[in-house]
Amino acid sequence: MKYAIIIPDGAADEPLKELGGKTPIEAAATPNMDRVATEGRQGVARTVPEGFESGSDVAIMTLLGYDPKVYHTGRAPLEAAAQRIPLSPTDWVFRCNLVTVVDGIMKDHSAGGISDAEAQRLISDLAKTLKLPGFEFHYGVSYRNLLVYRGSEEFDLKTKPPHEFPEEPVSRYMARGKGSEILRKIMDVSKEVFAGHEINEVRRETGHNPATQVWLWGQGHAPNIPTFKERFGVASGCMITGVDLLRGLAVLLGWDVKEVEGMTSFHDTNYAGQGQATAAMLDKYDLVLSHVEAPDEASHQADYNTKVESIEHIDRYVVGPVLEKLRTFPEWRILVMPDHPTNIATRKHGYAPSPFAMAGTRVRSVVKGPYSEKNAAASDLRIERGHELMEYFLRGGNL
Ligand SMILES: [Zn+2]
């Protein structure tokens, strides 16, 4: 049996005035996703359990069959796994975003999608100025960097992801709790170091959002997760993604990570290359997961045209070739599903159950109609404990 999972990150949404009352998925031309939906079945699964912030760390863990209440220790530890940063059980990891704050307002959680090279210059100059014992910065992709702490300081913190409060005062969301003074100090020093930095001057001159400071959040210790093979008996898996968070999950699940030239977390990504690689990897692996971040980033920018276009590209360049490839195997199944909604109206991740479509061997057609939030919700298939979906998918719709 060959399994393909395709995750258009944050693609689910609500109906939008700008799209004539349609959601971006409904507005997009998605013949291949519609084929999956009509040949197989649609449904919804709650991927963000109560008490958790909506985000890909929690939602994709759930989607893959791991209850976040048991396995989730924070977002940053997953990204540390991606970078294969060795962590002892007492070490802490924080996400260290480069953000744009103007007059105390969170303008951009991504500092205009700052380049890796620019991000590294800023972070390295911050590290040189700070010289705090036990703290070490690790570069990630674009604005997503990490801060590791190895020392005796204790943390019991409440932090807030910066993409969760766009256009709101940052003062409302400052780190609180034990150890928060150090975090505030690091953020304050970053403001000073970045204020007159030449990287930012160039960014301003060229019309890009400057990185005005770092924002620390998503902290935790290293998680202890059984591999996908141990948990579900699927022998081999491969992850294809442009973001470190999912590379990290792959490492923890015991999967290989396949890189694709030109793959990014934005709409400039190499959709076609990713689709071809996903199809090709099905020859080698029992399960291939292909994740595309672009619809999520477009939603955070409230850019509905780009969101629609990115969903169309995923359909044409990823789902299409993968479906064609799967049909060459005697037994196969495909699952198409956003991890969580990201709502254009609020520019935030939503909490509505995520619509999925699955098809393939022994998945019987139930509800007709193209793939959409509405049709998925209208089906009788509603998985409240979202981590049960993976079992359901692997068994072909039988629990
Ligand atoms: Zn997002």
Side-chain angles (χ1 to χ4, degrees), residues 6-14 16 23-25 46-49 52-64 68 72 74-76 78-79 82 94-100 106-114 119 140-146 159-168 173 209 215-218 241-249 263-269 289-311 313-314 337-355 373 386:
I6 295 168
I7 303 179
D9 199 301
D13 208 324
E14 285 164 2
L16 291 168
T23 68
I25 289 177
R46 189 173 296 286
T47 53
V48 183
F52 284 88
E53 298 260 3
S54 180
S56 293
D57 51 342
V58 169
I60 293 180
M61 206 176 246
T62 304
L63 193 160
L64 290 174
H72 186 267
R75 176 163 184 138
L78 298 175
E79 298 185 9
F94 300 81
R95 253 293 287 274
C96 176
N97 272 53
L98 289 169
V99 299
T100 309
M106 181 58 71
K107 284 289 176 189
D108 186 351
H109 72 285
S110 73
I114 193 164
V141 176
S142 178
Y143 61 89
R144 307 178 190 86
N145 302 281
L146 294 174
T159 58
K160 186 84 172 168
H163 54 259
E164 286 299 315
F165 59 97
E167 303 293 335
E168 289 187 63
Y173 301 105
N209 282 343
W215 187 267
L216 301 169
W217 61 281
T241 178
V243 303
D244 273 354
L245 167 68
L246 277 96
R247 291 188 185 99
L249 260 174
M263 193 167 53
T264 73
S265 56
F266 296 95
H267 189 45
D268 64 358
T269 191
L289 193 162
S290 206
H291 165 263
V292 185
E293 178 79 353
D296 179 68
E297 292 289 358
S299 313
H300 288 303
Q301 306 300 336
D303 181 351
Y304 55 88
N305 284 325
T306 298
K307 181 165 186 177
V308 169
E309 202 176 279
S310 73
I311 295 168
H313 281 31
I314 293 166
M337 180 180 189
D339 45 354
H340 53 69
T342 309
N343 297 317
I344 293 267
T346 57
R347 294 173 54 183
K348 294 182 194 179
H349 298 165
Y351 289 84
S354 192
E373 293 88 342

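Counting from 1, the numbers follow the sequence of the chain as shown. Computed from heavy atoms alone, side chains included, the values below leave out hydrogens, waters and symmetry copies. Whatever order the structure lists ligands and atoms in, that order sets their numbers, starting from 1.
Between H349 and H340, the angle of the ring planes lies from 30° to 60°, which puts this pair in the tilted group.
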Which atom pairs, donor and acceptor, lie under 3.5 Å between side-chain atoms of residues 160-167 and protein residues at least two apart or in another chain?
unit_1	atom_1	unit_2	atom_2	d
E167	OE1	K107	NZ	2.8

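For E297, the salt bridge (charged side-chain N to carboxylate O under 4.0 Å, His left out) partners two or more places apart in sequence, or in a different chain, are R144. For the salt bridge (charged side-chain N to carboxylate O under 4.0 Å, His left out) test, no residue two or more places apart in sequence or in another chain qualifies with D296.
A side-chain donor-acceptor contact under 3.5 Å links D9 and S56. Using modelled atom types, one finds a donor on one side chain and an acceptor on the other under 3.5 Å when comparing D57 with H72.
Inspection of the environment of the Zn ion (ligand 1) yields the following protein N, O or S atoms under 2.8 Å: D296 OD1, D296 OD2, H300 NE2, H349 NE2.
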